[in-house]
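Below is one structure, written out as structure tokens; comments come after it.
Lettering of chains follows the sequences in order, A, B, ..., and the numbering in each one begins at 1.
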There are 2 protein chains.
Amino acid sequence: MDILETRRGRRTLHPQRVTMKDVAEAANVSTMTVSNVIHNRAYVTAELRKLVQEKIKHLGYVPNRAAQELAGVSRPHVGLLYPAIINPFIAAVIAGSMRAASRLKVDVSVQLAQLDDPRALRTTMSRMKEAGVDGFLLPSPIAELAATAFRKKALDVPAVALAPGIPIAGMASVRSDERQAAYDIVSMLFDLGHRRIGHVAGPDSQGGSIARLQGYSDAMRAHGLAPDPHLVIKSPSFRFQDGLAAAETLMSSEPRVTAIFAANDTLAASVVATAQRRGISVPQDLSVVGYDDAPVAEQVWPGLTTIHQDAQVMTERAMEILEKGIKAWRKDRSIRLAEDVVVPYEVVRRASCAPAPVK
Amino acid sequence: MDILETRRGRRTLHPQRVTMKDVAEAANVSTMTVSNVIHNRAYVTAELRKLVQEKIKHLGYVPNRAAQELAGVSRPHVGLLYPAIINPFIAAVIAGSMRAASRLKVDVSVQLAQLDDPRALRTTMSRMKEAGVDGFLLPSPIAELAATAFRKKALDVPAVALAPGIPIAGMASVRSDERQAAYDIVSMLFDLGHRRIGHVAGPDSQGGSIARLQGYSDAMRAHGLAPDPHLVIKSPSFRFQDGLAAAETLMSSEPRVTAIFAANDTLAASVVATAQRRGISVPQDLSVVGYDDAPVAEQVWPGLTTIHQDAQVMTERAMEILEKGIKAWRKDRSIRLAEDVVVPYEVVRRASCAPAPVK
DNA sequence: CGGGCCTGACCGGTGACCAGT
DNA sequence: AACTGGTCACCGGTCAGGCCC
């Protein structure tokens, strides 16, 4: 009676929620026993265990996270930063994080990051740390920016960089071997007979631009093709509009290139669009390859041959590393993550490549 | 001394976090006064208020959300469901939710939803409710699925449908007038001289397929063009591959269409690809328009004329409605949201349209 | 002595109530 | 009586320690 009175009169805002006490009363045990059952701990007879589990299911009891947290059962809490422009890679990272988080029982706070200012990033991250975040998941290009932001004073919580363009000191990373992938795809063009192969490079600050350029250069050299500065044009961003200008320049150089490797699929789409506008037919006159296997790679005509890397899988791996890292770090604050996980990539062949035209 | 001892010996896992007690001691007041300062409540002298605020800043105190929650200061907690396939619309919804959430001080739980099974959706949503979610944000096509799932037993928490294809009973919604937008874009084709205008419709179950088809039909009729079943092909999904088959069929019908309105940009890209493969030049021989202003609309050649709706803005509006709705609902459980907010759309002109070819 | 279960203090805040001026 | 500010119980769990058989 008394208890009912109390419950009826309480001021809580989630009125009806079933508590552990309710379960305990229903099963005629103490709350502690219920807790022990939930956490599969010893010191509970099989019989009682079963009874309690039944009551839990019957009443629809779900532990109150806030209470658990307060009592000291804290989950890892990771901060995920994302840039204002949501590309398919970032979308996959966000989705992958959510999936991994509920699987691994990890809390995630998602925050928008300014891409232009390292100091603003440092402020954002500090604020998140103060609010309880104890590990960061940093997709490219935020990882690179964080490296700048924490150049002097190292970041003191675990962090994992996702697909960073360069290895970043003091962080773990999950990436594919982009240099090698670029090498492979350029070699494939060589094998089709192409000799004048151009490259639309991405901005140095971003993602795998540097690794992809390196792979291109390595492949050219390995096949005995002299490096030619006219063959490489750097686009100021990975955006379509900027790619158009770069493509225009590259395609005006003489003698004409017969194949172009663009640093991502959006830039490759720019190349295809420019070719079509100029009446150059792809792939008969010009072969084009991209990188990332973004949706646009399938949706343009002809479909783009490209490199596929599975961002969701990479993200889930990263989250696992982070979860372990945070747990370890909580025990020993001097621990620094440094794993470098390399996941496989895959060449996806579509219609945008053909043998080089005979002269 | 005693207190220091206690703090030193405590078992908490977030060792160094500054608590309200620390601030209270530093300012020589009670914790309650600190609380009052934080919440801008009366009964604190300006002098003391300032002192406390200083100490808070100096110590870097941040309230512990778990403790607040437990003590009854509960924020609205919205559940966001998303489909496995992350298209640009969903990506924008997720990003917009995160932004709105931190602005409005709302908690968000993001969960993957199965698209095939209404019962699974109901289970997921129930589980989320048990875990404390008290409002849902349902982007299309999940909103439509939820309508089926809760046909018999109404959903008893506030929910907002984002860009639902059809109005959904018992939910608020934020959408643009898709019928009118489709009407406008088809009329634009008419004004360019097109008379045989085809439509690649999307699946009935999804998003605005029905409204867009309706707008198309209305426009045709309004301009005195007889409805012709050969002019409308339904694609089984909004995916590129399915669109190719639909485009193929539509472009084989005689007499030839001179313009095609596709129900979204991906399908429009399918049309463009099919045209190019068949040697039909766009826009000279065939004008193509899409819907959504997805990234692909810019990235194909020629760029697609399409309808732009700002998913981020729509999401932020939806979140505001939900936040108010949850607060109201907590006071009076009989309240049901029913607002229907219509946001403006915009026709984006790109190169994929031209005057109809003269016969 | 040890397995099985319960009691009491505590996590970090907040609301109700109370005590001075 | 109107302001200020402090005290204490409580939110819903968890851990240490105790009691009993």
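Taking atom CZ on A:R41 and atom C1' on C:dC5, their separation rounds to 13 Å, with Å as the unit. Nucleotide C:dT7 holds its C1' atom 14 Å from the CG atom of A:N36, rounded to whole Å. The separation between A:Q68 atom CD and D:dG12 atom P is 13 Å, rounded to whole Å.
In this structure, of D:dT14, D:dG5, C:dT14, it is D:dG5 that holds the atom nearest to the side chain of B:T45. The B:T31 side chain lies nearest to C:dT14 when the options are D:dA16, D:dG12, C:dT14. When the nucleotides D:dG12, C:dG12, C:dC5 are ranked by their closest atom to the side chain of A:A67, D:dG12 comes out on top. With D:dG5, D:dG13, C:dC5 as the choices, the nucleotide that has an atom nearest any side-chain atom of B:L48 turns out to be D:dG5. If you check D:dA16, C:dG13, D:dG12 against the side chain of A:A71, the one that comes closest is D:dG12. For B:N64, whose side chain is taken as the heavy atoms from C-beta onward, the closest listed nucleotide among C:dG13, D:dG13, D:dG6 is C:dG13.
Between B:N28 and B:L70, it is B:N28 whose nearest contact on DNA chain D lies nearer the 5' terminus.
With respect to B:D156, the side chain to side chain donor-acceptor pair (under 3.5 Å) criterion is satisfied by exactly one of B:K129, B:R336, B:R333: B:K129.
Residue A:K55 places its NZ atom among 12 or fewer non-hydrogen atoms of other residues, nucleotides or ligands, all under 6.0 Å distant.
Counting only distance, with no hydrogens or angles, the side chain of B:T124 and the backbone of B:A120 share a donor-acceptor pair below 3.5 Å.
In this model, the phosphate group of C:dA19 is not approached by any side-chain N or O of B:Y43 to a distance below 4.0 Å at OP1 or OP2. Listed pair A:T33 / C:dC6 meets the phosphate criterion, a side-chain N or O lying under 4.0 Å from OP1 or OP2.
Looking at heavy-atom distances under 4.0 Å, A:R65 makes no contact with the nucleic acid at all.
Using a cutoff of 4.0 Å between basic side-chain nitrogens and carboxylate oxygens, A:D107 and A:R65 are scored as salt-bridged.
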